[in-house]
Structure formats: C-alpha cells, structure tokens
Chemist: 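First the structure, then my questions, so here it is.
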Amino acid sequence: FTSLKAIPDSAFYGCVTLTTIKLPKNIESIGAQAFNGCRTLKTFKLPDHVNVIGKGAFSGCRVLPDQTLPAGLTAIADSTFAGCSSLTNMSIPANVKYIGTQAFSQCTKLLEFTVSSMSPENIVLGTDVFEGIALANARLNVPQGTKTYFSTADQWKEFGSIYEERSLSGGKFIPQIGRASCRERV
C-alpha cells in the first residue's frame, strides 16, 4: 500500500458512508471522480506530493474539511470541489495555472480564497468557477502589489473585498537601494 502512487478514477465514487481515509504520503495523483459523492467524508488530508487532481475528484463531498493544496499542484480540474459545501477557505498555490469550469461551484460557505500567483493572467479560469458562491461577501487575498491586477480580471473582480498580503522578510532587515543605512545617519 505504501508503494501506491495514484488513486484511480472513481475509486471511491459514491461511497456515501465513507467518513475517514488516510492516504499514503507518496500519492502523486488522484483520479477523476475518485471521491465523488462521498457525502460524509470529513477526515481527509491531501498528501504533499499530489500534483494532479482529476475532474470531479471531490464533487459532492458535502462535509469535506478545508484542504491545503500541495505546492506542486498545477491545475484544479473541472468540478473538482463542486458541492463541497463545508469548505470555508482555499489557498491556491503559485504553480496552479488552470482552474477548471465550476471547480468550486456550490461551495456555499467558501468565502475566503488566497491566491499565490503574482498575476491573474498566469491562471486560466474555466467558466463559472465560483458559481453559487456569494462572492460579494467573499474575500480574496493576493500577493502584495497585485490587487490592481486581480480587481480588474474576469471572475476575480467579483470578490467583495480584495486584500494584499504583505510579504515578510523573515525578520531580516532588507536594505532599500538609495537609502542611507542607520549607521550612516548617526
């Protein structure tokens, strides 16, 4: 079981009584509709090495908890999280270049998104990605200096509030070009 690298298409499709599953850490892909319709799946964590999630993989998982999408993920397929009505926030890693049609459709409690990409042009969006979400009440967190870009981009501009997250230097002083150091001012 520890050598398993992929969860096949429809592996747990319609398992309405499945509440908990622990996947091996080395899973790299989750097939299309793998957990579709697992309405009671409430204990689940995406492994860190997942780089592919198939179409509709978690569609209809009504009590699926918030997930941390792996940094290596490059696409969120069509309807991946559609109908996951317990999700409240989602962070989109910088490597994601595509979010499919209705990927978050009917995720009615999903009111906070964090996007790590520096430009909305770096992410191709399918149609109705956020269908059924009250975006006027939702918050979009974007990297510092990118608010203007996201506030004018299709679908992203529908968010009621867009906040720039400040980048931190990890507690280190980063001198700015053209400014005298503190020592020189004394």
Chemist: Name every donor-acceptor pair, under 3.5 Å, that has one atom in a side chain of residues 49-56 and the other anywhere in the protein, sequence neighbours excluded.
Modeler:
none

Chemist: Quick one: does any side-chain atom of Gln67 pair with a main-chain N or O of Phe44 as donor and acceptor, under 3.5 Å?
Modeler: yes
Chemist: Of all the heavy-atom pairs spanning Pro47 and Leu23, show the shortest one and how long it is.
Modeler: CG-CB, 3.9 Å
Chemist: Looking at side-chain heavy atoms only, is the closest gap between Phe12 and Ile21 below 4.5 Å?
Modeler: yes
Chemist: Verify whether the ring centers belonging to Tyr13 and Phe35 lie closer than 6.0 Å.
Modeler: no
Chemist: Working to the nearest 0.5 angstrom, can you tell me the gap between Asn26 CG and Ser3 OG?
Modeler: 7.5 Å
Chemist: Name every donor-acceptor pair, under 3.5 Å, that has one atom in a side chain of residues 68-80 and the other anywhere in the protein, sequence neighbours excluded.
Modeler:
from, atom 1, to, atom 2, distance (Å)
Asp78, OD1, Tyr98, OH, 3.1
Asp78, OD1, Thr101, N, 2.9
Thr80, OG1, Ala77, N, 3.1
Thr80, OG1, Ala77, O, 2.6

Chemist: Scan residues 28-42 for pairs that pass side-chain hydrogen bond (donor to acceptor under 3.5 Å, both in side chains), counting only residues two or more places apart or in two chains.
Modeler: none
Chemist: Taking the side chain as C-beta and beyond, is there a heavy-atom pair between Met90 and Leu110 under 4.5 Å?
Modeler: yes
Chemist: Do the rings of Phe159 and Phe113 sit parallel, tilted or perpendicular, given the 30° and 60° boundaries?
Modeler: perpendicular
Chemist: Can you pull out every salt bridge (charged side-chain N to carboxylate O under 4.0 Å, His left out) where at least one residue sits in residues 147-163? Sequence neighbours excluded, please.
Modeler: Asp154-Lys157
Chemist: Is there a side-chain contact between Ile92 and Ile99 in this structure, where contact means two heavy atoms from C-beta onward sitting under 4.5 Å apart?
Modeler: yes
Chemist: Is Lys97 atom NZ crowded by more than 12 heavy atoms from other residues, nucleotides or ligands, each under 6.0 Å away?
Modeler: yes
Chemist: Taking the side chain as every heavy atom from C-beta outward, state whether Ser116 and Pro93 have any atom pair closer than 4.5 Å.
Modeler: no
Chemist: What are the two closest heavy atoms between Cys107 and Gly83, and how far apart are they?
Modeler: SG-N, 4.2 Å
Chemist: Of Asp66, Val96, Asn141, Thr114, which meets side chain to side chain contact (heavy atoms under 4.5 Å, CB included) against Ser91?
Modeler: Thr114
Chemist: Taking ring pair (Phe, Tyr, Trp, His ring centres under 6.0 Å) as the definition, give me every residue that meets it alongside Phe150, ordered by chain and number, with sequence neighbours left out.
Modeler: Trp156
Chemist: Quick check on Asn122: does its CG atom have over 12 non-hydrogen neighbours (other residues, nucleotides or ligands) under 6.0 Å away?
Modeler: yes
Chemist: Please tabulate, for the side chains in residues 123-133, all donor-acceptor contacts under 3.5 angstrom to protein atoms that are two or more places apart in sequence or on a different chain.
Modeler:
from, atom 1, to, atom 2, distance (Å)
Glu131, OE1, Gln102, NE2, 2.8
Glu131, OE1, Ser105, OG, 3.1

Chemist: Just wondering, do Ile27 and Leu4 contact through their side chains at under 4.5 Å, heavy atoms?
Modeler: yes
Chemist: Looking at Arg139, I want to see if its CZ is surrounded by more than 12 non-hydrogen atoms of other residues, nucleotides or ligands under 6.0 Å.
Modeler: yes
Chemist: Does any non-hydrogen side-chain atom of Thr19 lie less than 4.5 Å from one of Val63?
Modeler: no
